Structure formats: C-alpha cells, structure tokens
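All remarks here apply to the structure that follows.
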Protein chains: 2
Amino acid sequence: MNTLAEENYLKAIFALMDENGEVMVNELSQRLAIKMPTVSSMMKKLANKNLVTYESYKPIRLTEKGRVEAALIIRKHRLTEMYLVEKMGFGWEEVHHIAEQIEHIQSPELFAKMDELLGFPALDPHGSPIPDSSGKMIPREYQKLSHCKTGEKVKITAVVNTSHEFLTFLNGKQIHLGLEMIIHSLEPFDGSMTISYKENKETISSVVTDRILVEQL
Amino acid sequence: MNTLAEENYLKAIFALMDENGEVMVNELSQRLAIKMPTVSSMMKKLANKNLVTYESYKPIRLTEKGRVEAALIIRKHRLTEMYLVEKMGFGWEEVHHIAEQIEHIQSPELFAKMDELLGFPALDPHGSPIPDSSGKMIPREYQKLSHCKTGEKVKITAVVNTSHEFLTFLNGKQIHLGLEMIIHSLEPFDGSMTISYKENKETISSVVTDRILVEQL
DNA sequence: TAAATTTGTTAGACACAACTAACAATTTTA
DNA sequence: TAAAATTGTTAGTTGTGTCTAACAAATTTA
Ligand SMILES: [Mn+2]
Ligand SMILES: [Mn+2]
Ligand SMILES: [Mn+2]
Ligand SMILES: [Mn+2]
C-alpha cells in the first residue's frame, strides 16, 4: 500500500504527464509546493517501488503500474466530487478540497456504493472523465474556448481549473457545464472574448477562456 | 490542529475514561496496540498541548479542551456511520472501519451537511449518542442485558461493541436495535441466557449479553 | 564557446511516531 | 515485609517526509 504522500505524488505526476507529456523534478516541486531535494528523493523511492521510471537528471514517467494506481486515486476523487454534488447538494466550487481528502480513504465498498448510487457516471461535476475500476480513462479531446474563433457556436463541456475562486467567478456569471454560447468577438490584443448566452452578454479574459473546454455545435 | 495519531489517542482516552473513570498508560497501550514507551511520550506531548493532565506514574485524564476535541471526533465518526447506513444503504456491521477513516476528514461543511440530511439525529446506528457541535454528549444509562433477570421484558437500545464479527453474529440471529424480547432463563454457571423475540427462541452466551444494552419495558 | 542561469543532487538536520532494551517505580503476593 | 509481578520511564534506534546549504550538471544567453 502507498502512503498519503506517495499517492499525492502519483496524482501530480499523472496530471503533469497529461499536460506536458513528461515531468521534470522542478515542475513537480512547484506543483506540490515541495522543495526539489525532497521530490528527488521521493522519485528514488517511487522508482524502487516500480511506480515511476527515473534516472538522475532525466525526466520522470509513470510506469504502467504507477499510471493505474494514479488513475484509481483520481477515480476516487472524481466519484466523490460527483457524489457530493449530486447526492448531498454541494456546489461544484465546494467539493474539490473535500475530495482531496476523501480520495485517500481505503474502502473499495464506499466508492463502489457511490458509483452505484450515481448510476455509474462517466464524468465528474467539472466535466472530467472518471477512470473505470481498472484504471482506464477515456481521454477528452475538447478544445479550449480560447482557441475558438468569432462566430462559432459552442457548448461548455468541462473546466480545467477547479479552484473555489474560479468556479465562484463562473457561478457569478451563470456559466455552467452544458451552457451553449456564441462567440461575438475576440480581441486580438489580449485575447479577451465577448460571448452571449441566454440573456447574457459578457466579456471574459483569456485567463478564463483558457480554463474552459468546449465542443463545436 | 492535531495530527491523526493525536486524534486517535484522544478518542481512546475518552472511551477508556467513559468505561473506567481514569486511564493508565498500560490500558491505553493495549487499546491502541502501541507500546508503552510510545504512549508515555505521547502523553507528554498531549499534556504540553493542554489536552490531558499527566504526571509520571499517575493516571491520565482529558482536560476540558481535550474532552471537547475528542467528542468532536466521535461526533464525526457517529454522523458518518449514521449517514452510511441511512443514506447509502450499508449494514450496521460495515460502517465502523469506514467511519474510523472519515472521522479525520477536516471539513465542517461535510459533517454539517450529513447532520442536516439526516435530520439532526441523536443516535448512531449502534445506539450510541452523537455529541452536538459543541462537544456535549447526553449520556444514556442503559443496563447490560447480562445484568437482567429471568422474566424481564426488555428492548435493545444499543450495542457496546461494533466489530464486524459481533454485528454479523447478531444479524444471523435477527437481533437488531429496537427489538423487544423476554428473558426466559439465565444459566447461573456461565451466564448464558435464553431469550425469545418474534418467532425466535435463542440461547446466547454472556460474551454476547455483555455487549447488548437494553431498557426495561 | 564561455558565462550565466536554471535545474537537480548530495549531505546533513529535524519533527513525528513508532520500536527495543534496560532500568525504575509501584503494586500485588507470598 | 520481602520477593515477585506489573506498570512505567529513559535512552537510543528506525523510517517517513520534510527542510536548508552546498555543490554539480544541464541548458540558455551573451
Ligand atoms: Mn477536484
Ligand atoms: Mn490528495
Ligand atoms: Mn464506530
Ligand atoms: Mn480513527
């Protein structure tokens, strides 16, 4: 069994591999807010447990075993978030920090029950896919809203960042998953975008459009 | 904030004070399956944090602060057990080891929500009182079934031991909270008791009758 | 290519929470 | 009350996961 610290490293490596392909000690250090020497020595430990491949000064990669263990923690995280929103009435902005703790609970029964009560959901409340119980995850190939062009009609399928502040900002603008919108204009100078949806017309910065994933309608 | 280890010590001291009044290093050591020198040094740490009173070779007691912190962990434990049984469909024999982990989750919102969804329950699935959010717990002074006499009619109000094995044993005999029974006979030699309830007539040992709490009807 | 910057490792320290071995105090029993 | 048993402490060790200081390698910039 892996420790709490090990589990958090695995999850972070998984996310960084997803974003950038390979992972440097430096990146992992910043992501986890843990100093490089600590990360470096943890990588030796994880390599020893055959969860990552790692040689000094070379990039880090999850092994297949490591990838599956990371995916199963992410599964617990996302099932929990979905359960908290759908069955307990929490807002999508409230659940991440609770799931960050519950993802480490050791109880296959608990997560199997959540899964069952939720009807075996494919996505979490932020639109991210929930890995199956063997660790398989269907990758989402949606595009960033920031990459869309004027005149396009799109539907929000996921958000990239799940911080309380970002999601509360979206709540304030009544922006949520499934929302359909038209791109009115795109400011070339700073990438800010004017969109319309329902009765709203809003201008949002590229900081926001970079964190929203959409599908073309 | 207290560590996981500290929280488990506080809970154990609380339970032992409840059972025996005062707590010896030895008892705590056995209860937690942690060697005495470790317990001894932890007591210094907890005394330093003003959670217990402790002097070498003297019995351990929780301070008022320690008592409240212990009660709040027990509150989280029992709310969780109740939630798992009432809202998720677990059996009363399945929930203790899950609650043992979830009791350490730091999220007032999560437990407030459980409490609300459950309608602010006073008792957990094993009949134990749930402390309120200020750490107050109404003690319930039921008597052990083993102390009852032949001919008495009683109702089961709580079970003392919440191990999977004990509760599964009770399930097998269709014994549950709220069950009313008549004491047919009591064997003086070994304390075994013959009881009848519904269509059942069973003889149960004193190991069992010691762990069942009842009220007189 | 040489210097500067960034990235990473090694070495040594520390806090926490566990352990064993040895010894000391307290309580029970003879 | 003396011996034995039980209970508890002290001292020193271990493993985990963090840190800082110092140094080394790799990459970027001049
Ligand atoms: Mn999340
Ligand atoms: Mn986590
Ligand atoms: Mn319990
Ligand atoms: Mn616990």
Side-chain angles (χ1 to χ4, degrees), chain A residues 1-17 19-62 66 69-70 73 100-101 103-104 106, chain B residues 1-17 19-62 66 69-70 73 100-101 103-104 106:
Chain A
M1 240 340 76
N2 303 317
T3 65
L4 176 61
E6 288 168 347
E7 291 197 346
N8 283 332
Y9 278 95
L10 289 176
K11 232 181 36 141
I13 298 167
F14 187 100
L16 287 169
M17 279 183 73
E19 291 165 28
N20 314 329
E22 45 182 40
V23 183
M24 295 190 303
V25 171
N26 191 30
E27 292 171 327
L28 200 45
S29 168
Q30 288 186 256
R31 180 66 63 104
L32 291 168
I34 287 171
K35 297 290 186 288
M36 285 201 295
T38 309
V39 172
S40 196
S41 73
M42 182 58 94
M43 287 313 99
K44 284 176 198 154
K45 200 178 162 206
L46 293 182
N48 242 45
K49 294 179 82 169
N50 198 30
L51 295 165
V52 303
T53 56
Y54 170 67
E55 287 173 279
S56 280
Y57 298 103
K58 299 248 179 76
I60 299 151
R61 274 191 201 76
L62 288 174
E69 299 201 7
I73 300 160
E100 202 59 53
Q101 300 176 69
E103 70 189 3
H104 304 289
Q106 307 278 301
Chain B
M1 238 344 69
N2 303 317
T3 65
L4 176 62
E6 288 167 349
E7 291 197 346
N8 284 331
Y9 278 95
L10 288 176
K11 233 180 34 140
I13 297 167
F14 186 101
L16 286 168
M17 280 183 72
E19 291 165 28
N20 314 331
E22 44 182 39
V23 183
M24 295 190 303
V25 171
N26 191 29
E27 292 171 329
L28 200 45
S29 167
Q30 286 186 258
R31 179 67 63 105
L32 292 168
I34 288 171
K35 296 292 185 288
M36 284 202 295
T38 309
V39 171
S40 195
S41 71
M42 180 59 93
M43 288 313 99
K44 284 176 199 154
K45 199 178 163 204
L46 293 183
N48 242 43
K49 295 179 80 170
N50 197 31
L51 295 165
V52 302
T53 56
Y54 171 68
E55 287 173 279
S56 280
Y57 298 103
K58 299 249 179 75
I60 300 150
R61 273 190 201 77
L62 287 174
E69 298 200 9
I73 300 160
E100 202 59 53
Q101 300 176 67
E103 69 189 3
H104 303 290
Q106 307 281 302

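Letters go in sequence order (proteins before strands), and every chain restarts at 1. Source: prediction; values computed, not measured.
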Contact residues, residues 21-33 of chain A to DNA chain C [heavy atom, < 4.0 Å]: A:Met24, A:Val25, A:Asn26
Sugar-phosphate, base or nothing in reach of B:Ser41, heavy atoms under 4.0 Å: nothing
Residue whose nearest DNA chain D nucleotide is more 5′ - A:Ser56 or A:Glu6: A:Glu6
Side chain to side chain contact (heavy atoms under 4.5 Å, CB included) evaluation trace for B:Val39 with B:Gln30: CA-CA 10 Å; B:Val39 171; B:Gln30 286 186 258; over 6 Å; no
Whole-Å distance separating the NZ atom of A:Lys35 from the P atom of D:dT20: 5 Å
B:Met42 CE to B:Ile60 CD1 distance, which is reported to the nearest 0.5 Å: 12.0 Å
Spacing of B:Ile60 atom CD1 relative to D:dG8 atom C1', expressed in whole Å: 10 Å
Whole-Å distance separating the CD atom of A:Glu7 from the P atom of D:dT16: 15 Å
Integer-rounded Å distance: C:dT27 P and B:Tyr57 OH: 11 Å
Sugar-phosphate only, base, or nothing, as touched by A:Lys44 at under 4.0 Å among non-hydrogen atoms: sugar-phosphate
Residues A:Glu69 and A:Lys49 bridged, charged N to O under 4.0 Å: no
Distance below 4.0 Å between B:Tyr9 side-chain N/O and C:dA18 OP1 or OP2: yes
Sugar-phosphate, base or nothing in reach of B:Thr38, heavy atoms under 4.0 Å: base
Minimal non-hydrogen separation, B:Glu27 against B:Glu22, with atom names: OE1-O, 3.6 Å
Nearest non-hydrogen partners of B:Leu28 and B:Met43, listed with the distance: CD2-CE, 3.8 Å
Gap between atoms CE and P, on A:Met1 and D:dG15 respectively (whole Å): 21 Å
Exercise: identify the closest heavy-atom pair between B:Ala12 and B:Leu32: CB-CD2, 3.8 Å
Separation of D:dT16 C1' from A:Lys49 NZ (nearest whole Å): 11 Å
Nearest-neighbour nucleotide for the A:Ile34 side chain, D:dG8, D:dT18, D:dT10 considered: D:dT18
Which atom of A:Ala15 lies closest to which atom of A:Arg31, heavy atoms considered: CB-NH1, 4.2 Å
Value in whole Å for how far the C1' atom of C:dT27 lies from NZ of B:Lys58: 16 Å
Candidates C:dA18, D:dC19, D:dT7 - which lies nearest the side chain of B:Met36: D:dT7
Integer-rounded Å distance: D:dT16 C1' and A:Asn2 CG: 14 Å
Selection from D:dT18, D:dA25, D:dT10 that lies nearest to any side-chain heavy atom of B:Pro37: D:dT10
